[in-house]
Amino acid sequence: PSLPVLLAWLFVLMLLLYAYPINNFLFRTSFLVSIFLFFFCLWVVLWKRKLLFWIVAITLFSYWSILVFWSKSEKSTLVQHEYLQQIASFEWTRYVWWGENIIGIDCSGLPRKSRILAHRNIGFLEFDGKHLMKALSLWWNDTSAGKLLTDTLITEQVTSGKSINSLDIKSILPGDFAVTTDGIHVLVYLGKSTWIEADPNAWKVIKVSVPSKNYWFWVPVMVKRWRH
């Protein structure tokens, strides 16, 4: 096929990989390869139109250089606000094991994807490369419920308890998340005694207020918080 046709197919492939809910090493690698091939073909096509090529190349290089190397002051409040908004937006999304987008998501994917989107959006809106790099790092380094339980690099422990129903809410902030001590399930605190979770029993993302008869609210948990 001609290069323009190949370019179009690569663009479609990128969209399909981006929309696919499962996030694992194979699909992350495939997505990056498709991006590389797309821009390589775009470079070949534009090379024949020298002026347009240099305009696009200089524009892209300048834009990404600023995003990657220019870091502004800490925006933890903005990130936290965006993070909570993103989490709430996933309500009623169907449960998909290893899922990590609006088509399907699992329990650990809910706080992870919301955090990625928060850093990405703040990075673009505030023109801050530091947050884009954080989003990319979180996206590439997959984190299951078990890993969130033991991790100390990107999260910190807040408290623990025999169950979510028995936790002292005063010590927990919106955005903190509870991981069951067996490393199986994750729930995120929204505030006002309300939690949100991608519940494998309900097969969707639901909000639950405490006290609750929900099974996950009666098992031992460790509450953790994202590091800024």
Side-chain angles (χ1 to χ4, degrees), residues 1-47 53 56-57 59-71 79 82-83 85-87 89-90 92-148 151 153-155 177 186 188 198 200 204-205 226:
S2 64
L3 274 176
V5 173
L6 181 59
L7 201 62
W9 278 110
L10 285 171
F11 183 72
V12 171
L13 176 62
M14 280 195 305
L15 291 179
L16 290 174
L17 288 173
Y18 181 78
Y20 192 70
I22 305 299
N23 180 31
N24 55 32
F25 178 78
L26 175 62
F27 283 94
R28 287 194 297 272
T29 304
S30 300
F31 182 61
L32 291 180
V33 170
S34 69
I35 291 175
F36 172 79
L37 291 175
F38 174 81
F39 279 101
F40 176 77
C41 290
L42 182 63
W43 177 81
V44 173
V45 170
L46 292 177
W47 182 252
F53 170 82
V56 172
T59 301
L60 288 176
F61 178 78
S62 301
Y63 181 73
W64 284 105
S65 294
I66 293 173
L67 283 178
V68 172
F69 297 109
W70 185 24
S71 179
V79 172
E82 181 68 18
Y83 169 56
Q85 283 194 321
Q86 291 297 332
I87 290 177
S89 71
F90 282 103
W92 306 121
T93 299
R94 67 178 179 137
Y95 178 90
V96 173
W97 191 48
W98 285 89
E100 209 166 87
N101 65 22
I102 199 66
I103 296 176
I105 201 163
D106 68 5
C107 65
S108 60
L110 180 61
R112 230 176 70 84
K113 183 65 173 183
S114 300
R115 194 70 177 180
I116 291 170
L117 292 175
H119 281 299
R120 185 202 68 180
N121 293 349
I122 295 301
F124 278 120
L125 291 173
E126 297 292 323
F127 221 61
D128 194 328
K130 179 178 65 176
H131 290 287
L132 291 177
M133 296 305 291
K134 284 185 176 181
L136 181 61
S137 177
L138 278 171
W139 173 74
W140 181 254
N141 297 292
D142 193 18
T143 310
S144 63
K147 289 182 179 178
L148 284 174
D151 172 77
L153 294 176
I154 59 175
T155 66
F177 53 91
V186 182
V188 185
K204 60 185 175 183
V205 177
W226 294 106

Does the side chain of Val205 come within less than 4.5 Å of Tyr95's, by heavy atoms? no

Rounded to the nearest 0.5 Å, the CE atom of Met14 sits from the OG atom of Ser30 at a distance of 13.5 Å

**Message:** Ring-plane angle category for Phe27 and Tyr20, please: parallel below 30°, perpendicular beyond 60°, tilted otherwise.
**Reply:** parallel

Note: Ala198 and Ile105 closest approach over all heavy atoms is CB-O, 4.0 Å

Rounded to the nearest 0.5 Å, the NZ atom of Lys113 sits from the CG atom of Asp106 at a distance of 12.0 Å

To the nearest 0.5 Å, atom CZ of Phe38 lies from atom CD1 of Ile35 at 10.0 Å

The salt bridge (Lys or Arg N to Asp or Glu O under 4.0 Å) partners of Arg115 (sequence neighbours excluded) come to none

**Any side-chain heavy-atom pair of Leu110 and Phe177 under 4.5 Å** = no

Minimal heavy-atom distance between His119 and Val79, with the atoms involved, is CE1-CG1, 3.9 Å

Output for pair (Ser34 OG, Leu17 CG), nearest 0.5 Å, gives 5.0 Å

message = Taking Gln86's backbone N and O only, do any of them form a donor-acceptor pair with Ser89's side chain (distance below 3.5 Å, no angle check)?
response = yes

Spell out, as yes or no, whether a donor-acceptor pair under 3.5 Å connects the side chain of Ser137 to the backbone of Met133. no

Is there a side-chain contact between Leu138 and Trp226, using heavy atoms and a 4.5 Å cut-off? yes

Report yes or no: does Asp151 contribute a side-chain atom to a donor-acceptor pair with the main-chain N or O of Lys147 at less than 3.5 Å?
-> no

The reported gap from NZ in Lys134 to CG in Asp128 (rounded to nearest 0.5 angstrom) is 9.0 Å

Exactly one of Val5, Val33, Leu37 clears side chain to side chain contact (heavy atoms under 4.5 Å, CB included) with Leu10, and that residue is Leu37

Notebook entry, point to check: Is any side-chain heavy atom of Trp97 closer than 4.5 Å to a side-chain heavy atom of Pro200?
Noted result: no

In the structure I gave you, are the side-chain heavy atoms of Arg120 and Leu136 within less than 4.5 Å of one another anywhere?
no

Practice prompt. For the pair Phe31 and Tyr18, name the ring-plane relationship: parallel under 30°, tilted 30 to 60°, perpendicular over 60°.
Written response: tilted

Rounded to the nearest 0.5 angstrom, the OG1-CG distance for Thr143 and Leu148 is 5.5 Å

### Message
Any non-hydrogen side-chain atom of Phe124 less than 4.5 Å from a side-chain atom of Leu132?
### Response
yes

Query raised in the report: Taking the side chain as C-beta and beyond, is there a heavy-atom pair between Leu32 and Trp140 under 4.5 Å?
Result: yes

For Gly104 and Val96 the tightest heavy-atom approach is CA-CG2, 3.6 Å

| Under 3.5 Å: donor-acceptor pair, side chain of Asn101, backbone of Ala19 | yes

| message | Are Leu117 and Glu82 packed together at the side-chain level, in the sense that at least one heavy-atom pair is separated by less than 4.5 angstrom? | response | no

*asked:* Any side-chain to backbone donor/acceptor pair from Ser144 onto Asp142? Under 3.5 Å, distance only.
replied: no

For Leu7 and Leu42 the tightest heavy-atom approach is CD1-N, 3.4 Å

